[in-house]
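Following: one structure in structure tokens, then a few remarks.
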Amino acid sequence: MSKDKKSGGTAATEPSAKDTHYANLRRAHRDAKRERGEIPTPQPQKRKRGGEDWKPPALAPDQVHLYGLHTVRAALGNPERKKIKLFVTQNALARLEIDADTLGIPVELVSPQDIDKVLGPEAIHQGVMLETRPLPVRRLEALKDSPLLLVLDQVTDPHNVGAIMRTAVAFNAGAVITTQRHSPTESGVLAKSASGALELIPYIQITNLADALGELHKLGFSTIGLDSEGPAPLEGTFSGEKVALVLGSEGKGLRQKTRETVNALARLDMPGAIKSLNVSNAAAIALYAARLYLKA
């Protein structure tokens, strides 16, 4: 059978190489904007059918599944990330723009439904999943030369933490420090929300936040806790040559022990009718203010 589709006796022309090239460029541009959060990702309505019956497979403690084109591309380019196996559709492999033969790990061509079975029908995986090991553990001592750090006091939502990591990378913070309990571990959801930032900034989880703040003080950091009832505006609270900003959890804010341990409490002055912000938005403003202070 001829591949030409006929209409009124005239064969429809096949897309030219130029048309295909520009279509690929438009799709790549659209994907990039979605990864940056500039346009929404369409909800995969068809893939959601039967999702209520999906059960996540058991993962080993040292097993992490990363997904999404930008996230996986960043992980593949990170020499500190131990990669185990790449699961990818034929289309996604072309969009990753990598040479599978030189990756040094097994590459398995799969269908989108194969990845759905592992990640669930809600995951926007774009046809690619990378099995990896967690990134190496970092110590606070290694951050002594970083002038700006971000500390999270039990921020639980991985989407918020991922967005915060992206902002921290944008403002060249040295690390994102958080607690082991009541904080998201390294995962596909966190990595997807961070959109590559997980590979670019240390994500350090500590056992006791008060002890970690004390260690930062010994390393010369001025720690400032953000609190809506803080006694002074943030921009007038900075001191010293190294700053660690401390943000509290969604809703509850900083814990009492944290409030007592930081060097200072400060507020973000907001003249409008709304006096509180999502923690990821507050982190962006605070990091911007800190960078202005450190550059002065």
Side-chain angles (χ1 to χ4, degrees), residues 1-3 5 14-36 39 41-135 158 162 186-200:
M1 179 183 293
S2 172
K3 293 182 180 180
K5 295 181 180 179
E14 292 289 339
S16 67
K18 183 177 180 181
D19 291 336
T20 302
H21 172 70
Y22 282 113
N24 289 336
L25 286 179
R26 288 193 297 270
R27 182 172 59 189
H29 180 66
R30 184 173 63 249
D31 287 342
K33 293 184 73 173
R34 282 178 180 149
E35 291 283 357
R36 296 193 298 267
I39 60 175
T41 299
Q43 294 300 312
Q45 297 295 337
K46 292 184 179 179
R47 292 170 57 214
K48 287 186 178 181
R49 293 175 184 170
E52 63 275 5
D53 298 327
W54 177 79
K55 297 292 188 296
L59 295 180
D62 64 345
Q63 189 178 25
V64 178
H65 286 150
L66 304 179
Y67 58 88
L69 290 169
H70 193 67
T71 301
V72 169
R73 192 181 293 116
L76 290 173
N78 183 3
E80 295 190 3
R81 168 76 70 179
K82 182 173 176 57
K83 282 80 73 173
I84 305 300
K85 187 174 183 179
L86 180 66
F87 302 84
V88 63
T89 65
Q90 188 70 56
N91 183 49
L93 182 61
R95 295 163 71 184
L96 276 174
E97 298 178 338
I98 58 172
D99 184 354
D101 295 331
T102 63
L103 281 182
I105 60 172
V107 177
E108 182 176 342
L109 290 178
V110 296
S111 71
Q113 292 74 25
D114 292 329
I115 302 179
D116 288 347
K117 293 175 183 177
V118 179
L119 300 178
E122 303 291 335
I124 311 299
H125 52 71
Q126 299 174 295
V128 59
M129 180 181 74
L130 178 67
E131 181 181 342
T132 79
R133 297 288 181 257
L135 288 166
E186 184 178 331
S187 68
V189 175
L190 174 62
K192 185 69 162 63
S193 300
S195 191
L198 182 61
E199 312 300 324
L200 300 174

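Count residues from 1 along the sequence.
S195 approaches T71 most closely through the heavy-atom pair CA-OG1, 4.2 Å. For L130 against A75, the heavy-atom pair with the smallest separation is CD2-CB, 3.8 Å. Heavy-atom minimum distance, L198 versus A194: N-CB, 3.9 Å. A92 and G127 get closest at one heavy-atom pair: CB-O, 3.3 Å. Across L190 and P158, no two heavy atoms sit closer than the pair CD1-O, 3.5 Å. Considering all non-hydrogen atoms of both residues, Q90 and L109 come closest at OE1-CD1, 3.3 Å.
To the nearest 0.5 angstrom, D114 atom CG is 10.5 Å from T89 atom OG1.
M129 places none of its side-chain heavy atoms less than 4.5 Å from the side chain of L66. Looking only at side-chain heavy atoms (C-beta outward), V110 and V88 stay at 4.5 Å or farther from each other. Counting only heavy atoms from C-beta outward, the side chains of V118 and H65 approach each other to under 4.5 Å. When side chains are defined from C-beta on, P134 counts as touching V64, because their heavy atoms get closer than 4.5 Å. Residues N91 and Q126 have side chains not in contact (no heavy-atom distance under 4.5 Å, counting atoms from C-beta outward). Side chains of I98 and L86 form a contact here, defined as non-hydrogen atoms less than 4.5 Å apart. Looking at heavy atoms from C-beta onward, V128 lies out of side-chain contact with H125 at the 4.5 angstrom threshold. Inter-residue side-chain proximity for V72 and F87 is flagged as unmet; no heavy-atom pair is nearer than 4.5 Å.
Salt bridge status for E131 with K82: absent, with no side-chain N to carboxylate O gap under 4.0 Å.
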- Query: Should E186 and L135 be marked as a side chain to side chain contact (heavy atoms under 4.5 Å, CB included) after you check the CA-CA gap, both sets of side-chain angles, and the distance that decides it?
  - Reply: CA-CA 8 Å; E186 184 178 331; L135 288 166; 3.9 Å; yes
- Task: Take R133 and E80 through the salt bridge (charged side-chain N to carboxylate O under 4.0 Å, His left out) test and state the conclusion after the steps.
- Result: CA-CA 10 Å; R133 297 288 181 257; E80 295 190 3; over 6 Å; no
- Message: Between I105 and K85, is the side chain to side chain contact (heavy atoms under 4.5 Å, CB included) condition met? List the steps.
- Response: CA-CA 6 Å; I105 60 172; K85 187 174 183 179; 5.7 Å; no
